[in-house]
2 protein chains.
Amino acid sequence: MTKIGDRRRTIYDVAKAAGVSISTASNALNDTGRTNAETRERVKRIAEEIGFRPNALARGLLTKRSHAVGMLTNDTYGRLTLPITAGVSEVLIDHGVSVFLCATNNNPRLAKLHLDALLDRQVDGIIFTATRLDLKPPVELSKLPIPVVYVFAEGPADSVTFFPDDEQGARLAVNHLKALGRSRILHITGPEDYLAVRLRARAYRECCPSGADVMFGEWSEEWGHEAVERVFVGSGEKPDAIFCGSDEIARGVIDALRDMNISIPTEVAVVGFDNWEVVARQTRPPLTTIDMELKELGHQAGLAILGLSKGEQIATGITRLPCSLVVRQSSGGH
Amino acid sequence: MTKIGDRRRTIYDVAKAAGVSISTASNALNDTGRTNAETRERVKRIAEEIGFRPNALARGLLTKRSHAVGMLTNDTYGRLTLPITAGVSEVLIDHGVSVFLCATNNNPRLAKLHLDALLDRQVDGIIFTATRLDLKPPVELSKLPIPVVYVFAEGPADSVTFFPDDEQGARLAVNHLKALGRSRILHITGPEDYLAVRLRARAYRECCPSGADVMFGEWSEEWGHEAVERVFVGSGEKPDAIFCGSDEIARGVIDALRDMNISIPTEVAVVGFDNWEVVARQTRPPLTTIDMELKELGHQAGLAILGLSKGEQIATGITRLPCSLVVRQSSGGH
DNA sequence: TTGCGTTGATAAAAGCTTTTAGCAGAAAAA
DNA sequence: TTTTTCTGCTAAAAGCTTTTATCAACGCAA
């Protein structure tokens, strides 16, 4: 009477149950080597029956591919990180690859700790994400023996980097407003030292060659509010549309316009940037805005790291992925 | 002339460089077995010098402990998940344990996929988090051969579960208002079918035995707005304080009060629940609210899974961790 | 001298998988 | 018939670490 413990089944158990050798079992399960079709099916069936699943540690030890990647982020709050990570994970899980999430809190010591742990685990690659665009990676990632992909962060010149296409997004917003017949479009946005801010402002200016007006400020509702007050108190021609650099700014803008009894979108149409649902859905009226397609960004980063880890050639440099327009009531579009 | 590749150093390299056997090297590095103090130091120094770091896969394969845990969540958006995960990771990294993040999107197939991947990787334990309190785990976690800890989710009766202490948090809010001299406190909150809502309402009622008034509704700004209008249009005595079930509701409440030219906090003090910074910091005035200490929740869950994976006894059942009060201007406190 | 306990080190096994090289038998070619 | 080619399978090695059992040397007691 054989005692069957509750330990995991190994390929040895499969081989024994199927009456073949371990190597035949392995070959059959992985469709490698030369195996009789009948034997192969039988082995697979038995493996299924006894609930065999290969030990990823043993496999990784041998093949030098752990089928895991690390995600290194400095973003605690997670407004960007989690959707991106979800996108990465979503596309990788189908390839049997799992994701380690490491929050560095902008702490170099912690970043080093996480990085070492990832390397010890033989991860197949690392995806680095930063919230602040102008922030450099906290540790030296460029000399690593494994591929690195940057998302929302600048890597060295020959690295693989993904960003949303800020200019295209801005054009999307402005052209939407123009298509609705608006002609005096104002741009209220964040601090000029952000690259994304400059890119969006440039695209905006190119779309509105006559009378472009950009107001740089902060990433806050407060600033949106203040900017609107500043514009609408004086005399002179008023804008009939406002393109905001973020949904938070847009929220301040909308609140200020409501305070002044200026109707949205009839008198002034408003478009935001981010499609941060918790903000964009709750403004009154709900906010038309630009979605940066964070999940898709994650998908692409995941596919890139997957390809790189297999040794494929991936185009280096910055890839900018298209944004999309989400129309709600604040622009009066449809 | 020996060719030195750029492959990782193994313990074999250490042993060779130190002129000892592999087992001696291992014993010296791990302070196990019998080793001469001098030899031990020398081996450690050399390991450091040549940059040896043990291969986590090989170690895990042998010791059956991968020093990794899985985090299974159904929360895509991440308002709760990311802070909790950061807390888990923060406490575990010091013990050399890394965290796999798996977003299930409420999709049972995906959950199964992630779970199997985690088991294949021999994770030492799993932390399950759900956003909706009344949501059951999407897969059968109770029969797993590894420990499971639940956060913000209900596990089976004898499981280890962590929640914020909703009642204590509610008392904190109400007592804060009472200490400020408010006597007619209204509670505007979310749907009654949430356990957290019922717990908070109960604690509120116990603190305000005379004239407790609870308005159940939705988790939205809209609802906060509507509730305030409903209360303040009629005649009769008006509340001098409002305790809201979430920061979003509080935001609606504050906006509505401002629309009615009711001053905050002079006429009506407002307290929220969540300390969701992006909301609580941006209301005018900024919102006094209850912080659920999500990071600490993560810390505790991490420590619990760590202990369980080592075979320690951990108290089962639901542990409720204290919330804290964050005072801003909307309550007029200090 | 023999026997014993201690110390410091080592060889070898174990953990589970994939892969390489090789082997026996049968079919095909010479 | 003999030689070659296929086919299907297997033994063994490799991957890197920890742990168990063993061993040599030495001092000390019998």
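All heavy atoms count here, side chains included; hydrogens, waters and symmetry mates do not. Chain identifiers are assigned alphabetically (A, B, ...) following the order of the sequence lines, protein sequences preceding nucleic acid strands; residue numbering begins at 1 within each chain.
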Is a side-chain N or O of A:D124 found less than 3.5 angstrom from the main chain of A:V69, in a donor-acceptor match?
no
With respect to A:Y150, which candidate in A:V160, A:I318, A:T129, A:L141 satisfies the side chain to side chain contact (heavy atoms under 4.5 Å, CB included) definition?
A:L141
Counting just side-chain N and O atoms, does A:T35 come under 4.0 Å of either OP1 or OP2 of D:dG8?
no
Which part of the nucleic acid, if any, lies within contact of B:T24, taking any heavy atom under 4.0 Å across all strands shown: a base, the sugar-phosphate backbone alone, or nothing?
base
What does A:L57 touch in the nucleic acid at a heavy-atom separation under 4.0 angstrom: a base, only the sugar-phosphate, or nothing?
nothing
Determine the contact category for B:R34: base if any of its heavy atoms lies under 4.0 Å from a base atom, sugar-phosphate if only primed atoms, P, OP1 or OP2 are that close, otherwise nothing.
base
Return the value, rounded to whole Å, for the distance between atom CG of B:D31 and atom P of D:dT18.
12 Å
Please find the pair of heavy atoms, one from A:E90 and one from A:H299, that lie closest to each other, and give the distance.
OE2-NE2, 3.2 Å
Measure CG/A:L61 against C1'/D:dA13 and give the value in whole Å, please.
13 Å
Can any side-chain N or O of A:N105 pair as donor or acceptor with the backbone N or O of A:N107 at less than 3.5 Å?
no
Using the side-chain heavy atoms of A:P54, tell me which of these nucleotides is nearest: C:dA9, C:dT17, D:dT17.
C:dT17
Which of C:dT17, D:dG8, C:dA9 is nearest the side chain of A:T10? It is C:dT17
Whole Å only: how far is the CZ atom of B:R42 from the C1' atom of C:dG8?
12 Å
Both B:S23 and B:A58 contact DNA chain D. Taking the nearest nucleotide for each, which residue is further toward the 5' end?
B:A58
To the nearest angstrom, how far is A:N55 atom CG from D:dT17 atom C1'?
14 Å
Among D:dT19, C:dT10, C:dC16, the nucleotide that comes nearest once only the side chain of B:S26 is considered
D:dT19
For atom CD of B:Q122 and atom C1' of D:dC16, their distance in whole Å:
16 Å
Rounded to whole Å, how long is the line connecting atom NE2 of B:H67 with atom P of D:dT17?
14 Å
Can you find a side chain N or O atom of B:K64 that sits less than 4.0 Å from OP1 or OP2 on C:dC16?
yes
In terms of the nearest nucleotide of DNA chain D, which residue is placed more toward the 5' end: A:A25 or B:N27?
A:A25
By nearest nucleotide on DNA chain C, pick out whichever of B:N36 and A:Y12 is the more 5' one.
B:N36
What nucleotide among C:dT18, D:dC16, D:dC9 has an atom nearest to a side-chain atom of A:L62?
C:dT18
Find the distance A:K16:NZ to D:dT10:C1' and express it as a whole number of Å.
17 Å
Calculate the interatomic distance between B:N30 atom CG and D:dC16 atom P; express it in whole Å.
17 Å
Side chain to side chain, A:S309 and A:R65, heavy atoms closer than 4.5 Å
yes
Starting at the 5' end of DNA chain C and moving along, which residue's nearest nucleotide shows up first, A:F52 or B:R40?
B:R40
Looking at B:E49 and B:R45, is any side-chain nitrogen of the basic one under 4.0 Å from a carboxylate oxygen of the acidic one?
yes
Counting only side-chain N and O atoms of A:S21, is one of them less than 4.0 Å from OP1 or OP2 of D:dA11?
no
